[in-house]
Amino acid sequence: MPVNLQWKPNNQPVISDTPERLGLELGGDDDSLGANAPGRVRLVEVPDTSTNKGENENQQPRLIATFHGAFFRDISAPAASRITFDIFIKTAVNPKNHDGQVEGFDPECMFGVDAFIFTFVNRRFVVWLPFQVDSRSEGKFLDLQVIAEAEAGAGSFRELGRSNVLSLGIRRKHRVASTSKDQTTGQSVVYTAKLVGNVVTHPEEYLLLVQSQTSPTQVVATPALISLPVSGPGAVPFQPYAANSLFIMLAANLLDALTPPAAKLTSRIQAALANPEATVAKAKASMKRKIAATVVEMFIDAGFMGARAPWQDEAAASVFNAAFTAVFVRRQGVWKLGNPQGAFATSYWNFVVGDDSSINEAGLGEEYQFDMNTKRSVGGVSAFLALPIPIGGGNKPLRETIRLNGARLQDVLLNFSGSARSFKDEAEFLTAVDRHAAHVGIIVAHEVGHALGLMHTPHVESGDYSEANGSPVLAVMSEGVDSGGFGTGMKFATQTKVMWASTFGVTPNFVDNTLQNKTWQPSEVKTLAWQDRKNRFNALHGEKGMRAPLFASFPLNVPPFAVAWPKAQKGTKI
């Protein structure tokens with residue numbers, strides 16, 4: 001019988017909220033193999049050719065990960081289990097730990113925004129996908145296949161066998177808990193949404209923040225989120241985006257709060273500074289340039305042509321700033337309404353980002369003044385609506401600007417895990433400033449994204465698969481970007497771009513390489529330790545450490561379809 005690769009359970013996709021309950025078994029026989037034959041097992045995503053395929057389904061197989069090792073043939077074993085596989089190349093590692101970080105495991109993506117979890121040769125692997133999982137390119141399913149190959153000399157391989165295609169459903173409707181809190185109860189706002197993703201999900205529909213009435217006898221407003229389809233029953237009209245409309249004014253007090261004073265630099269930069277004040281000026285100029293450029297780049301990539309992000313003291317902001325300062329006044333370093341009852345009426349596409357060191361979070365989004373005299377039916381829900389219909393048209397009643405905690409963000413630059421960071425010289429410090437400014441730009445875009453109907457990656461209620469527990473961050477709307485994030489080249493997730501293309505008629509760039517974060521060459525995988533791979537990843541992305549997902553941190557127990565040591569899952573070389 002041939003080499004046999006079987007998905008568990010029964011070659012069927014997982015339909016529950018326990019996506020880690022999946023395995024792959026190796027068995028069968030191949031009399032062309034010797035007792036020890038070098039080879040590999042490749043995990044690929046294949047194109048869907050059915051009616052369930054995405055409208056832009058990739059027509060070529062995409063490599064996700066490779067397991068390098070050797071096939072072993074035991075002629076004394078039953079034919080159904082004669083072939084086993086060992087992926088431990090560099091050193092023999094006892095597989096009872098189930099940690100998934102073994103020398104022969106060669107994932108294409110070190111960390112991403114969604115993952116595929118399965119058990120193979122008695123280990124539980126968290127395999128990050130080197131592409132975005134979205135409805136546009138994947139349709140209804142993520143189609144996975146595994147191929148076993150033996151070395152055939154001169155760098156070539158011959159196929160031994162391949163699995164059936166496993167179709168993991170990536171679109172579902174679910175109750176989710178958002179990271180927005182009800183200010184009265186302190187509880188997360190819960191809503192029902194259509195979701196896209198395998199482990200870590202993104203909303204498929206535009207989300208509208210409203211105030212709902214919770215008392216039948218009097219108006220008691222509590223925040224609510226409504227998922228809005230962009231067509232069909234329940235759809236709400238959207239004003240198409242016009243080029244050059246997106247305007248984000250960056251307040252001068254934000255730049256002041258982000259810039260560290262000279263007194264803090266002299267103790268952190270090892271080489272003596274000839275002119276500390278000049279170093280501060282360089283840092284401030286670098287942040288001013290980089291923050292604005294990062295914000296503009298991300299929104300243009302998302303399709304908002306002509307997006308602008310001038311600073312408050314620049315000529316490009318003068319007209320808008322005059323209107324803004326006529327309504328908002330600066331009190332104790334924070335921009336507040338001069339008349340708390342008189343909201344700032346400004347275009348839907350206008351945003352202001354300022355400093356507020358009194359907030360506990362890294363950033364807070366806009367706050368609107370709701371019309372509590374008029375209830376509307378929105379998406380089949382009766383609620384008070386702050387924004388005009390069609391969404392995107394007319395003015396929004398702004399009560400609070402977007403606020404970032406400049407002091408907290410400055411602390412991220414100067415300290416790490418509670419200890420002062422040390423920089424070799426001015427050049428090393430300014431390199432750190434440049435990367436930090438890109439992180440701040442990501443946070444600015446993150447908060448603007450909230451104002452444009454986006455939430456953090458949601459927590460699926462019946463499974464602990466929130467963004468915080470499920471993913472490090474490589475997308476702008478991830479919850480953890482305020483704590484550093486992963487990478488300075490983040491973009492909005494492809495599913496976000498799909499949604500914005502539908503709602504606002506923008507034309508995003510769908511060629512996104514931000515998840516292509518492999519940091520080693522193919523020839524290195526047999527010798528490069530996991531810790532070295534992590535160090536390279538951190539250096540590439542300007543990070544000090546990884547924000548490990550929760551489900552990757554507790555694989556020490558025996559995972560599904562594995563067998564407690566010293567026995568092992570079928571196909572495992574012992």
Side-chain angles (χ1 to χ4, degrees), residues 178-183 189 206-211 221-226 238-239 241 245-251 253-254 291 295 298-299 302 304 307-310 312 317 320-321 323-325 327-330 334-356 358-372 383-389 391-406 440-456 476-477 479 481-482 492 496 500 503-504:
S178 77
T179 48
S180 291
K181 304 292 185 182
D182 185 316
Q183 298 303 313
V189 175
Y206 184 91
L207 293 175
L208 185 62
L209 178 65
V210 300
Q211 297 285 352
T222 185
L225 295 167
I226 301 175
F238 293 86
Q239 182 70 36
Y241 174 78
S245 297
L246 189 64
F247 186 90
I248 304 167
M249 187 177 77
L250 305 168
N253 70 332
L254 174 62
I291 292 171
V295 173
M298 282 188 290
F299 278 103
F304 294 89
R308 296 165 291 162
Q312 190 174 14
F320 178 78
N321 185 46
F324 171 73
T325 52
V327 180
F328 276 86
V329 296
R330 193 171 171 182
V334 178
W335 289 102
K336 292 288 185 182
L337 284 171
N339 174 8
Q341 304 306 314
F344 179 42
T346 188
S347 166
Y348 181 82
W349 302 108
N350 288 338
F351 304 90
V352 180
V353 185
D355 172 64
D356 185 350
S358 69
I359 61 175
N360 294 323
E361 299 87 349
L364 289 177
E366 292 184 328
E367 289 186 15
Y368 310 124
Q369 193 171 87
F370 288 83
D371 177 5
M372 291 301 182
F384 299 105
L385 184 64
L387 304 177
I389 294 181
I391 304 298
N395 291 334
K396 58 186 175 186
L398 200 61
R399 188 172 63 189
E400 286 278 7
T401 66
I402 293 171
R403 291 156 288 154
L404 303 188
N405 188 329
V440 175
I442 290 167
I443 297 173
V444 171
H446 175 105
E447 297 301 339
V448 173
H450 282 317
L452 292 176
L454 300 182
M455 293 300 299
H456 297 152
V476 172
M477 294 311 298
E479 181 182 349
V481 295
D482 61 350
F492 284 100
T496 291
W500 276 345
T503 55
F504 298 129

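Just so we're clear, the structure is a prediction, and the values are computed from it rather than from any experiment. Just so it is clear, the values below take in all heavy atoms, side chains as well, and ignore hydrogens, waters and symmetry mates.
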Do the non-hydrogen side-chain atoms of [X] and [Y] ever get within less than 4.5 Å of each other?
X      : Y      : result
Tyr206 : Leu454 : no
Leu404 : Val440 : yes
Asn321 : Met249 : yes
Leu225 : Leu208 : no
Ile443 : Val476 : no
Lys396 : Phe351 : yes
Pro223 : Leu209 : yes
Ile226 : Leu207 : no

Closest approach of [X] to [Y] (non-hydrogen atoms, all atoms of both residues):
X      : Y      : result
Trp349 : Leu452 : CZ3-CD2, 3.9 Å
Met298 : Ala445 : CE-CB, 3.3 Å
Trp335 : Ala251 : NE1-CB, 3.8 Å
Gln369 : Arg399 : N-CB, 4.3 Å
Ala451 : Glu366 : CB-OE1, 3.5 Å
Tyr348 : Leu387 : CE1-CD1, 3.6 Å

Enumerate donor-acceptor pairs with a distance under 3.5 Å from any side-chain N or O in residues 338-346 to protein atoms, sequence neighbours excluded.
residue, atom, partner, partner atom, Å
Asn339, OD1, Gln341, N, 3.1
Thr346, OG1, Asn350, ND2, 3.0

Give the C-alpha distance, both sets of side-chain angles, the deciding distance and a yes or no for side-chain contact (heavy atoms from CB on, under 4.5 Å) between Ile402 and Val448. CA-CA 8 Å; Ile402 293 171; Val448 173; 3.7 Å; yes
Could you pull out all residues at least two apart from Phe492 that satisfy ring pair (Phe, Tyr, Trp, His ring centres under 6.0 Å)?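 Result, ring pair (Phe, Tyr, Trp, His ring centres under 6.0 Å) vs Phe492: Phe299, Trp500.
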Donor-acceptor under 3.5 Å (Asp356 side chain, Arg403 main chain):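 Answer holds: no.
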side-chain hydrogen bond (donor to acceptor under 3.5 Å, both in side chains) partners of Glu400, counting only residues at least two apart: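 Partners of Glu400 under the side-chain hydrogen bond (donor to acceptor under 3.5 Å, both in side chains) test: Lys336.
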How many angstroms lie between atom [atom1] of [X] and atom [atom2] of [Y], to the nearest 0.5 angstrom?
X      : Y      : atom1 : atom2 : result
Asp355 : Asn405 : CG    : CG    : 7.0 Å
Glu367 : Leu337 : CD    : CG    : 10.5 Å
Phe504 : Gln239 : CZ    : CD    : 10.0 Å
Thr401 : Leu254 : OG1   : CG    : 10.0 Å

With Val352, the side chain to side chain contact (heavy atoms under 4.5 Å, CB included) member among Phe247, Phe328, Phe320: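 So the option named by the test is Phe320.
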Could you please spell out the steps behind the side-chain contact (heavy atoms from CB on, under 4.5 Å) verdict for Asn253 and Arg330? CA-CA 9 Å; Asn253 70 332; Arg330 193 171 171 182; 2.9 Å; yes
Assess the residue pair Ile248 and Val295 against the criterion (side-chain contact (heavy atoms from CB on, under 4.5 Å)); give the C-alpha distance rounded to whole Å, side-chain angles, the decisive distance to 0.1 Å, and a yes or no. CA-CA 9 Å; Ile248 304 167; Val295 173; 3.6 Å; yes
Kindly state whether the ring of Tyr241 and the ring of Phe304 have centres lying under 6.0 angstrom apart.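 Distance test on ring centres: under 6.0 Å, yes.
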